[in-house]
Number of protein chains: 2
Amino acid sequence: MKKKVVLKDIAKEVGVSIATVSYVLSNGKDGRIGKEVTAKIKKVAKELDYQPNLIAKSLKSGKTNTIGLIVTDLSNPFYAHIARIIEDEVTQLGYTLMVSSSDEKAEKSWNLIKFLMHRQVDGFIIVPTAESEDQIEHLKEKKIPFVLIDRYFPEIPSHHVVVDNYTSAYKVVENLIQTGNTKIGILTQGNSLSHMKERTRGAIAAMEKHHLTINPTWLKEINFDSVEEDIAKGIEDLLTGDDPVTAIFFASNSLAIPGIKKVNHLGLKVPTDITIASFDQGEAFDLYYSPITYVHQPLSDLGKEAVHILTTEIASPGSGYQQVNLNAKMVVKESSRKDLIF
Amino acid sequence: MKKKVVLKDIAKEVGVSIATVSYVLSNGKDGRIGKEVTAKIKKVAKELDYQPNLIAKSLKSGKTNTIGLIVTDLSNPFYAHIARIIEDEVTQLGYTLMVSSSDEKAEKSWNLIKFLMHRQVDGFIIVPTAESEDQIEHLKEKKIPFVLIDRYFPEIPSHHVVVDNYTSAYKVVENLIQTGNTKIGILTQGNSLSHMKERTRGAIAAMEKHHLTINPTWLKEINFDSVEEDIAKGIEDLLTGDDPVTAIFFASNSLAIPGIKKVNHLGLKVPTDITIASFDQGEAFDLYYSPITYVHQPLSDLGKEAVHILTTEIASPGSGYQQVNLNAKMVVKESSRKDLIF
DNA sequence: CTTTATTATTAAAACGATTAAACCTATATT
DNA sequence: AATATAGGTTTAATCGTTTTAATAATAAAG
């Protein structure tokens, strides 16, 4: 079993000190070392296939060139997509990404943050869970750079990059109203979080603006731990209650997918029996027989902005919080275009 | 700006040596250190909120407790799902995951591997790209533990975990034949890779077994860099050529999604106009008006097996190669059940 | 009252790199 | 000839931890 080649090995082989080798191999430009020695060191380094040990370098420099990304669920295509964009972005800047999923659990998130801090990551990009304010405060106390994405805590000043959830929800619900719906069910999840609050607020604002009376039972909050059941029950309620709705707005893709399944299962036709719109994109939306109207979040911008803010913060800490609100695009398709169908 | 708390700080505060502190904090059980001292060190450590520096630990121990995962594209739900499973598995074992995407490019993959090696990852889980044999050989030479998943190189002995692609493809194509199709188009991608070879071989074997004559133009290889175009053209060819097919087998989900879009676009009805089946699961498959027949890969088993093999190899290297072939499940739905529709 | 065993603690080296400062040596300057 | 300057290289400290081997202190044994 060959040992790893380290600077010492090269130094010994060439007959110089470790420092000299280090200078040649890292500060190539600097030219402080004589020509022949430089050449010989480079030659030997290549021959022995020297590979630098970034752990040692990190210990010395205090920088790991590593970024921790915490999403709620990497297997959710929405977050996977964000992760991929962030990955590309940080890789290009010479960073490596450590990805983890919190499953919307504050405790898991806490563990991940602590673990990655021990690993000395240079910074975090986080999709914060409910009740994780203390974790964010902790990062601030410890002066660890971080950027929140998708959601944030209005009462805690921090960098964040989110979409304009209020306006997007407003527009999409307005679209539902304009196609003739006056009774609209809204499925949400994680209502204590900023993004959901905003989406709900936007949806209701649209209804109020159009002078619709809102029945509180039309708002269904879905529990993270019992999505399937809650959605099945919620949709049945919405459609068979005293005051049935004619349209449903799903406030995220993870609600829409099982939701649409349920609608299929009930044998309802979209958009004739029921009108549908959703937040987030999903490959299933386009393939559906009645393609789903949705709010398309600019994931690429979101990821890039977050990385940019984070790396700037890492490079020069403490120069004011960047708080970015991105515009989302509403994509209107058949699922909410009764006008076109009839 | 408070500095980080290190062992030295605790030592100074308590009035003992660094070594003593280290003993107490890492070998808690060992009890070599006196009771009162132990108690005091623990107390001070808590007070100062000491957090161990895992980088320093890694340098000393030569272990980083870090695993590199290289998939072809994290934004592909198939790989995202695998990544999530692997993440859960390694997290539980105290490892952290570094995830990267190779985009099916050997060069990218090479860079990622080198980069992660410099970072001293303890091992790799890799979805190998075409022409990356040298990278695999390199890892073997350097004695870096790794496990290949999804595909492998038959000529290079190594750990790997894959599904039984041959049998799965055989079965699904046989299903297409049994529902009355004699002319079946096959869309593949990355044909030099083991999994695709096996899927193609299985598909053809099924056709031969049932004495169908196979027209070579029915086999369409899709280029990674021009998926949309190739698929559009391929499907048009298949359906409008001299010898049009009545069924299409998509050899992966990344072919099926754009493929089905194209089928929709052409205004063809599934399964009446055309029968469809695919490899891999996808949330769109179930939601499609004519749910797609597919091969369901046991991703959970695949991920868990890979992690298990890798961590065992890390713990005790060089005890023979584990080569696992998992059975996949065929899920027959309407897209290939003409019998049920008529 | 030595000697030996036992317990508690620490000094120091090591992991693999970086880097400020010191140290030669040879040439240029006065 | 004495001194300054520059070029080339090395010494040694440092990052935060672990761990071997040594030491000091105390108790038990002879």
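So that the names make sense, note that chain A is the first sequence line, chain B the second, and so on, each numbered from 1.
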Margin query: Go nucleotide by nucleotide along DNA chain C from the 5' end; which of A:Ile18 and B:Ala56 gets its closest nucleotide reached first?
Written below: B:Ala56
Next item on the list: Look at B:Thr20 and C:dT10 and indicate whether a side-chain polar atom (N or O) is within less than 4.0 Å of OP1 or OP2.
Entry: yes
Checklist line | Nucleotide D:dT17, atom P - distance to CD of A:Gln120 in whole Å | finding: 8 Å
Next item on the list: Can you tell me the distance, in whole Å, between the NZ atom of A:Lys12 and the P atom of D:dT9?
Entry: 20 Å
Check: Between B:Tyr23 and C:dA11, is there a side-chain N or O to OP1/OP2 distance below 4.0 Å?
Finding: no
Check: So, are A:Glu47 and A:Lys43 salt-bridged, with charged N and O less than 4.0 Å apart?
Finding: yes
Note to self: Taking CD in B:Glu107 as the centre, count heavy atoms belonging to other residues, nucleotides or ligands within less than 6.0 Å. Is the count above 12?
What the structure shows: no
Next item on the list: Would you mind reading off the distance between A:Leu54 atom CG and C:dT18 atom P, rounded to a whole angstrom?
Entry: 9 Å
Item checked: Atom-to-atom span, CD1 of A:Ile55 to P of D:dT14 - whole angstrom -> 23 Å
Notebook entry, point to check: Base, sugar-phosphate alone, or nothing: which one does B:Lys60 contact when heavy atoms must sit under 4.0 Å apart?
Noted result: base
Note to self: Quick one about A:Thr66 and A:Arg119 (side-chain donor to acceptor, distance below 3.5 Å, no hydrogens or angles considered), yes or no?
What the structure shows: no
Next item on the list: Choose from D:dT17, C:dA17, C:dA12 the nucleotide whose nearest atom is closest to any side-chain atom of B:Ala19.
Entry: C:dA12
Item checked: From OG (A:Ser300) to CZ (A:Arg84), nearest 0.5 Å -> 11.5 Å
Note to self: How many whole angstroms separate atom CD1 of B:Ile10 from atom C1' of D:dG16?
What the structure shows: 12 Å
Next item on the list: For the side chain of B:Ser17, starting at C-beta, report the closest nucleotide among C:dT10, C:dA17, C:dT9.
Entry: C:dT10
Note to self: Measure NZ/A:Lys8 against C1'/C:dA13 and give the value in whole Å, please.
What the structure shows: 11 Å
Check: Is the shortest side-chain N/O distance from B:Ser22 to OP1 or OP2 of D:dT18 below 4.0 Å?
Finding: yes
Margin query: Using the side-chain heavy atoms of B:Leu7, tell me which of these nucleotides is nearest: C:dA17, D:dT9, D:dT17.
Written below: D:dT17
Check: In whole angstrom, what separates A:Leu59's CG from C:dC15's C1'?
Finding: 9 Å
Note to self: What is the distance, to the nearest angstrom, from the CG atom on A:Asn53 to the C1' atom on D:dC15?
What the structure shows: 13 Å
Note to self: Can you tell me which residue among B:Ile82, B:Leu69, B:Val99 is in a side-chain contact (heavy atoms from CB on, under 4.5 Å) with B:Leu74?
What the structure shows: B:Val99
